[in-house]
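Model, not experiment: these values are computed from the prediction.
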Amino acid sequence: MLTEPKIISRDAQHYVAIPLAVQQQEIAQKAPPLVPEILKWVAEHAEQNGPVFFNYTAMQPGRPMQMEVGVPVAKPVKTGGNVIAGTLPAGRYATVTWIGPYDQLYSAHDALHQWLGKQNIPKQSLADGSGTTLLEIYETDPEEVADPKDWVTDIAFKL
């Protein structure tokens, strides 16, 4: 199930993440295994302030996609190793909520981008490598909700 797209304002949000470069077809194999690692790091070093997210920062043709497996934190923290810290930017975001399995998220992304086009809303490009924010926010923990048809994911694209 997909909600109607809408525009919202988001406040800036501190976060920590593990960055990675992947081909689109590798996301399901390489990104989810980093979730326990980032959650363990946060449990030891920071106060979690929201659900796990994937942040897609660059999608350039012919190059690996740049993304982050992240967790919002209550305040900035020092990081090290493969964990980085950052701030998701405040501003206007186009959003949609998908309720269902993760392997169907592409259709939710596509619906949001089509809606933006129909509304003539300009959007930043992920192709220029400028670090544009495209979030998948995993509101549901699959360890707590077993049935994928009940998983809730918010998609938020920085305008």
May I ask whether L135 and L116 are part of the same hydrophobic cluster, defined by side-chain heavy atoms of I, L, V, M, F, W, Y residues being less than 4.5 angstrom apart, directly or through others?
no
For Q29, I'd like to know if atom CD has over 12 heavy atoms of other residues, nucleotides or ligands within 6.0 Å.
yes
Can you find a side-chain donor-acceptor pair between Y56 and E68 that sits under 3.5 Å?
no
Over 12 non-hydrogen atoms of neighbours within 6.0 angstrom of CD in E4:
no
Just checking D11: does its CG atom have more than 12 heavy atoms from other residues, nucleotides or ligands closer to it than 6.0 angstrom?
no
So, for P51 and I137, which heavy atoms are closest and what is the spacing to 0.1 Å?
CG-CG2, 3.5 Å
T97 side, atom OG1; E139 side, atom CD - distance, nearest 0.5 Å:
7.5 Å
Hey, could you give me the OH/CD1 distance between Y106 and I155, rounded to the nearest 0.5 Å?
11.5 Å
Between A17 and G70, the two heavy atoms sitting closest are CB-CA, 3.7 Å
Going from CE on M1 to CD1 on I99, what distance comes out if it is rounded to the nearest 0.5 angstrom?
3.5 Å
Min side-chain heavy-atom separation E37-I18 under 4.5 Å
yes
Can you tell me how far the CZ atom of R10 sits from the OG1 atom of T133, to the nearest 0.5 Å?
9.0 Å
Are any non-hydrogen side-chain atoms of P32 and Y102 less than 4.5 angstrom apart?
no
Path from L134 to V71 over hydrophobic side-chain contacts below 4.5 Å
yes
Of all heavy-atom pairs between V73 and A46, which one has the smallest distance, and what is that distance?
CG1-CB, 3.8 Å
Is it true that V35 and V83 fall in one hydrophobic cluster, defined by side-chain heavy atoms closer than 4.5 Å?
yes
Do L20 and Y15 share a hydrophobic cluster (ILVMFWY, side-chain heavy atoms under 4.5 Å, transitive)?
no
Supply the atom-to-atom distance H14 NE2 to E47 CD, rounded to the nearest 0.5 angstrom.
12.0 Å
If you count every heavy atom of other residues, nucleotides or ligands that lies below 6.0 Å from Q24 atom CD, does the total exceed 12?
no
Please answer: with hydrophobic residues joined when any side-chain heavy atoms are less than 4.5 Å apart, are V22 and F53 in the same cluster?
no
Please name the pair of heavy atoms, one in N49 and one in A74, separated by the smallest distance, quoted to 0.1 Å.
CB-N, 3.6 Å
Please name the pair of heavy atoms, one in V77 and one in A85, separated by the smallest distance, quoted to 0.1 Å.
O-CB, 3.7 Å
With heavy-atom distances below 4.5 Å as the criterion, would you say the side chains of T95 and D154 are in contact?
no
Give a yes or no on whether the backbone of P101 and the side-chain of Q104 come within a donor-acceptor separation of less than 3.5 Å.
no
Okay, side chain of Q48, backbone of G50: is any donor-acceptor separation there less than 3.5 Å?
yes
Do T140 side-chain atoms and V152 backbone N/O form a donor-acceptor pair below 3.5 Å?
yes
Tell me, do M67 and P19 make a side-chain contact under 4.5 Å, heavy atoms counted?
no
Any non-hydrogen side-chain atom of V16 less than 4.5 Å from a side-chain atom of V42?
yes
Do N55 and E136 meet the criterion of a side-chain donor-acceptor pair at a distance under 3.5 Å?
no
In Å and rounded to the nearest 0.5 Å, what is the CD to NZ distance from E44 to K40?
4.0 Å
Is any side-chain heavy atom of W98 less than 4.5 Å from a side-chain heavy atom of W151?
no
Answer whether the closest heavy-atom distance between the side chains of T87 and Q13 falls below 4.5 Å.
no
What one should report as the nearest heavy-atom pair of M59 and M65 is CG-CG, 3.8 Å
Would you say the rings of F157 and H113 are close, in the sense that their centroids are separated by under 6.0 Å?
yes
Using a 3.5 Å distance criterion without hydrogens, assess whether the side chain of W115 forms a donor-acceptor pair with backbone atoms of G117.
no
If we only count heavy atoms from C-beta on, is the Y93 to L159 side-chain gap below 4.5 Å?
no
